[in-house]
Student: 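Here you go, one structure.
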Amino acid sequence: MKALPELLETGVRDALRHLYGPDASEQEITLQSTRKEFEGEFTVVTFPLTRLAKKKPEVIAEEIGARLKETLEEVKDFNVIKGFLNLVIADRYWMDFLLQSGVREGFGHVAGGKDKVVVEFASPNTNKPLHLGHIRNILLGWSTSKLLEATGHDVVRVQIINNRGIAICKSMLAWQRYGNGAVPEKAGVKADHFVGDYYIKFEQHFQEEYKAWQKSDEAAAILEEKNKKDLSPADFWKGYKNTYFNENSDLGRAAKEMLLRWEDGEPETVALWNRMNDWVYEGFDETYERLGVSFDKNYYESETYLLGKDMIDAGLDKGVFYRKEDGSVFVDLTDAKLDQKAILRADGTSLYITQDLGTARLRYDDFGAKRMVYTVGDEQNYHFQVLFEILKRLEEPYADGLFHLSYGMVDLPTGRMKSREGTVVDADDLMDEVIQEAYQSSLERESTSELSDTERREIIQKIGMAALKFQIIKVGPQKRMIFDPKESVDLQGQTGPYVQNAYVRTRAVWRKAGQRDLSQAAGYTQLEPAERELISLLYAYPGLLNDAAANYDPSMVAMYCYELAKNLHKFWHDVSILGADTEAAVAFRLYLCQAVGNVLKSGMGILGIEMPERM
RNA sequence: GGCUGCGUAGCUCAACUGGAUAGAGCACUUGACUACGAAUCAAGAGGUUUCAGGUUCGAAUCCUGACGCGGUCACCA
């Protein structure tokens, strides 16, 4: 069975040659799918052909249409509206497609054989629990990795855990001072939240200390000396906070000393650091598991933060970098419309970007992948431009396969999430909330009443998570999105549960069908409009996965699943399946339901959304 | 200020990468369960695609400018 787009395109080309002469070989042909308000499945746009044919677009369309209908058995009919030639595909073609290939499980997935690609996502800091922003990152990274896998890539999922630095030291210090030896289990708090609470405790004590200090003589002198812009004292102190932390604060000094002790490898500090990080990892793992994601390898910043220095030397030898008099190393990217960028401090210690150079190399050594995808927010667009440009100049073997999967921040209806204002939406709380909502909603229904409590609980989990995930993934990655927690628990309309419901229907009808002679399906002769619509959508699925993967855009898959579910619901409403006139129709429609169910399950699976058998 | 991204129905988002009368959902109004599952379907209303020019058969999409909102411009991460 030949693929339609290619078939039609060569058909059109032949028609052009036949009608308008040999020049037609060079002509570009625009073929698109027909808008649903018109009859047909494929459309040829004939405006661009006027130069070649020297006729009006409508005439050209008529002539090509007639020719195609004559020469291609796959073209049943055509109609012309202005410069658009709409082609109606023969029922036989659609029916053969469905009965031969559409039912297979795994339809649309490519077996493999394409590049290996490393996908990084999540990459949290270990001083605080995960929040809504991480959820978008994780869902985007995960679904993109699944999408790449479905289109034949060999995918390695990694995260880099930022487990060192001043932030975790704040938590450690606060626990040491105010914790009285408390542990998460006894406190009855999820372990990562437990550690996060000490981070907050540190900030509170720090604020108190800062406020008290502002009344001191030392503070008065500083205000006198440094407030050059004549700000109000309150405004001045607002801007001075960081300097205070670094220069005047006792707590700040203590935290920085702890970081130094950690860097020296002082056993007691390292032990405490290990202990608290282990708590956080434990908490993260729980959250990841609930989200249904996992990693092939974790990188820890504590093990990678010194990497990259050897690449500096190589870059200096190559003349890609240059050393300043004070010993610092820079790269000049002004000819690539970027700036001059420091990549090594004067004291020889590395920077964020040095580390990233090193981990890129490390990953290549670990996996030999020539493609790497970084799922990181768009606030770091510039950083990745610089990083990739440097790797290119260093002529790293994977330099051409780097991609920054950039995504917009998540805002609340009230504006940005601000940890200082306590508006951060916690990941675990949010999941609890959507599942609770799904539970409430299930109480109003009888459809699962004969199932056990465990089964019902599983279903409710799937529904709640589907609502949350779909809500986030359906938005294109680049777009900054507004997330309304109230909407995320919607179970109707353009939502995850709506798609699940379509799937459940395809399963329900099969349960009810009992034993049927399915071979009768081949005897079905004429398609209903809703059936044509469904089959042509199914037909487009493999191409859609390819487009989505090429664009690193899982939202395309989400929109497709919604569209397919919507058409299934309409089909369900319009035609009777088990009550159809002939056994052929019953069998054919059962096949169709199965095919739609398979594709829905496959597509939603790529998004990390599970399909229940009932709901 | 330099660079950069965005601006589409009251709200949240689409628009096959330049194609037809700019589409969905939510909210609002109305109709459909004795039917294979109503977490559904159908209908109504809702728009000068921020504005002004330009490119062409054709622009939400490309170019120029204005306005508005982000991001980023560290020997921080």
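Bear in mind that the values here come from a model prediction, so they are computed numbers and not experimental data. Naming convention: chains lettered A, B, ... in sequence-line order (proteins, then strands); numbering from 1 in each chain.
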Student: Using a heavy-atom cut-off of under 4.0 Å over every strand shown, decide if Ile463(A) touches base, sugar-phosphate, or nothing.
Tutor: base

Student: Give me the distance, rounded to whole Å, that separates A27(B) from U12(B) when you measure between the C1' atoms they each carry.
Tutor: 11 Å

Student: Looking at U21(B), I'd like to know if its phosphate oxygens (OP1 or OP2) sit under 4.0 Å from a side-chain N or O belonging to Lys82(A).
Tutor: yes

Student: Have a look at U17(B) and give me syn or anti from its glycosidic angle (syn if within 90° of zero).
Tutor: syn

Student: Whole angstrom is fine here: how far is it from CG in Asn567(A) over to P in U40(B)?
Tutor: 15 Å

Student: Nearest-Å distance, NE2 (His383(A)) to C1' (U4(B))?
Tutor: 17 Å

Student: Under 4.0 Å, counting only non-hydrogen atoms across every strand here, what does Tyr352(A) touch: a base, just sugar-phosphate, or nothing?
Tutor: base

Student: Distance between the C1' atoms of C13(B) and C75(B), in whole angstroms?
Tutor: 43 Å

Student: Taking salt bridge (Lys or Arg N to Asp or Glu O under 4.0 Å) as the cut-off, I'd like each qualifying pair that reaches into residues 567-595 of chain A, sequence neighbours left out, listed once.
Tutor: Arg516(A)-Glu583(A), Glu531(A)-Arg589(A), Lys570(A)-Asp574(A)

Student: Give every residue pair that meets the salt bridge (Lys or Arg N to Asp or Glu O under 4.0 Å) criterion with at least one member in residues 337-360 of chain A, sequence neighbours excluded.
Tutor: none

Student: What do you reckon, do Phe38(A) and the base of A20(B) stack, with centroid distance below 5.5 Å and planes below 30°?
Tutor: yes

Student: Does the gap between the ring centers of Tyr524(A) and Tyr591(A) come in under 6.0 Å?
Tutor: no

Student: Does Lys337(A) make a side-chain N or O approach to OP1 or OP2 of C3(B) shorter than 4.0 Å?
Tutor: no

Student: May I have the distance from Arg416(A) (atom CZ) to C69(B) (atom P), rounded to whole angstrom?
Tutor: 15 Å

Student: Counting only side-chain nitrogens and oxygens, does Tyr498(A) get under 4.0 Å of the OP1 or OP2 atom of C41(B)?
Tutor: yes

Student: Using heavy-atom distances to pick each residue's nearest nucleotide on RNA chain B, tell me which of Tyr562(A) and Leu85(A) is more 5'.
Tutor: Leu85(A)

Student: Starting from C1' on G25(B), measure out to NZ on Lys566(A) and report it in whole angstrom.
Tutor: 8 Å

Student: Dot-bracket notation for RNA chain B is requested: 5' to 3', Watson-Crick or G-U wobble pairs only, both distances under 3.5 Å, with ( ), [ ], | and . as defined.
Tutor: (((((((..((((.....[...)))).(((((.......))))).....(((((..]....))))))))))))....

Student: What interatomic distance, in whole Å, is found between C1' of G47(B) and the corresponding atom of A24(B)?
Tutor: 15 Å

Student: Taking only the side-chain heavy atoms of Ile81(A) (C-beta and beyond), determine which of C73(B), A77(B), A20(B) contains the nearest atom.
Tutor: A20(B)

Student: Using the test side-chain contact (heavy atoms from CB on, under 4.5 Å), find all partners of Ser449(A) that sit at least two apart in sequence or belong to another chain.
Tutor: Glu446(A)

Student: Measure centre to centre between the rings of Phe206(A) and Phe245(A), then say whether the value is under 6.0 Å.
Tutor: yes

Student: Among all residues two or more places apart in sequence or in another chain, which pass the side chain to side chain donor-acceptor pair (under 3.5 Å) test with Asp378(A)?
Tutor: none

Student: Send over the distance from Asp347(A) CG to C75(B) P, rounded to a whole Å.
Tutor: 13 Å

Student: Using the test side chain to side chain donor-acceptor pair (under 3.5 Å), find all partners of Lys469(A) that sit at least two apart in sequence or belong to another chain.
Tutor: none

Student: Test of understanding: with side-chain contact (heavy atoms from CB on, under 4.5 Å), list the residues that count as partners of Leu306(A), not counting sequence neighbours.
Tutor: none

Student: With a 6.0 Å cut-off on the ring centroids, do Tyr305(A) and Trp262(A) count as close?
Tutor: yes

Student: Hey, does Val329(A) reach any base, or is it just sugar-phosphate, or nothing, if we go heavy atoms under 4.0 Å?
Tutor: nothing

Student: Suppose we call two aromatic rings close when their centres sit under 6.0 Å apart. Are Tyr240(A) and Tyr244(A) close by that rule?
Tutor: no

Student: If we take the C1' atom in both A15(B) and U21(B), what is their distance in whole Å?
Tutor: 14 Å

Student: Identify, with sequence neighbours excluded, every residue that meets salt bridge (Lys or Arg N to Asp or Glu O under 4.0 Å) alongside Asp547(A).
Tutor: none

Student: Expressed in whole Å, how much space separates the P atoms belonging to U29(B) and A45(B)?
Tutor: 16 Å

Student: If you only use heavy atoms from C-beta on, which nucleotide in C41(B), C75(B), G37(B) is closest to the side chain of Asp326(A)?
Tutor: C75(B)

Student: Summarise how protein sits on nucleotides 29-36 of chain B as a single string, 5' to 3': B when a protein heavy atom is under 4.0 Å from the base, S for sugar-phosphate-only contact, - for no contact.
Tutor: -------B

Student: Quick one: Lys341(A) NZ to C3(B) C1', roughly how many Å, whole number?
Tutor: 13 Å

Student: Tell me which donor-acceptor pairs under 3.5 Å the side chains of residues 489-498 of chain A have, and how far apart each pair is, sequence neighbours excluded?
Tutor:
{"unit_1": "Thr495(A)", "atom_1": "OG1", "unit_2": "Leu491(A)", "atom_2": "O", "d": "3.4"}
{"unit_1": "Thr495(A)", "atom_1": "OG1", "unit_2": "Tyr498(A)", "atom_2": "N", "d": "3.2"}

Student: Rounding to an integer number of angstrom, what distance separates G25(B) and U40(B) when you compare their C1' atoms?
Tutor: 14 Å

Student: Would you kindly compare Arg345(A) and Gln385(A) by the position of their nearest RNA chain B nucleotide and give the one closer to the 5′ end?
Tutor: Gln385(A)

Student: Taking atom P in both A32(B) and G23(B), what distance in whole Å separates the two?
Tutor: 29 Å

Student: If I take atom CD in residue Gln478(A) and atom P in nucleotide G5(B), what distance separates them, rounded to the nearest angstrom?
Tutor: 12 Å

Student: Indicate for each nucleotide in nucleotides 10-19 of chain B, in 5' to 3' sequence, whether protein heavy atoms under 4.0 Å reach the base (B), only the sugar-phosphate (S), or nothing (-).
Tutor: --SSS-BB-B

Student: What's the gap between G18(B) and U55(B) when it is taken at their C1' atoms, as a whole Å value?
Tutor: 12 Å

Student: Write out all pairs satisfying salt bridge (Lys or Arg N to Asp or Glu O under 4.0 Å) with one or both partners inside residues 37-53 of chain A, taking only residues at least two apart or from two chains.
Tutor: Arg35(A)-Glu37(A), Glu41(A)-Arg532(A)

Student: Check whether the ring centres of Phe403(A) and Tyr374(A) lie less than 6.0 Å apart, and answer yes or no.
Tutor: no

Student: How is Gln500(A) classified with respect to the nucleic acid when contacts are heavy atoms under 4.0 Å: base, sugar-phosphate, or nothing?
Tutor: nothing

Student: With sugar-phosphate meaning primed atoms plus P, OP1 and OP2, does Thr43(A) contact a base, only sugar-phosphate, or nothing at under 4.0 Å between heavy atoms?
Tutor: base

Student: For the pair made of CG in Asn86(A) and P in U21(B), what is the distance, rounded to whole Å?
Tutor: 13 Å

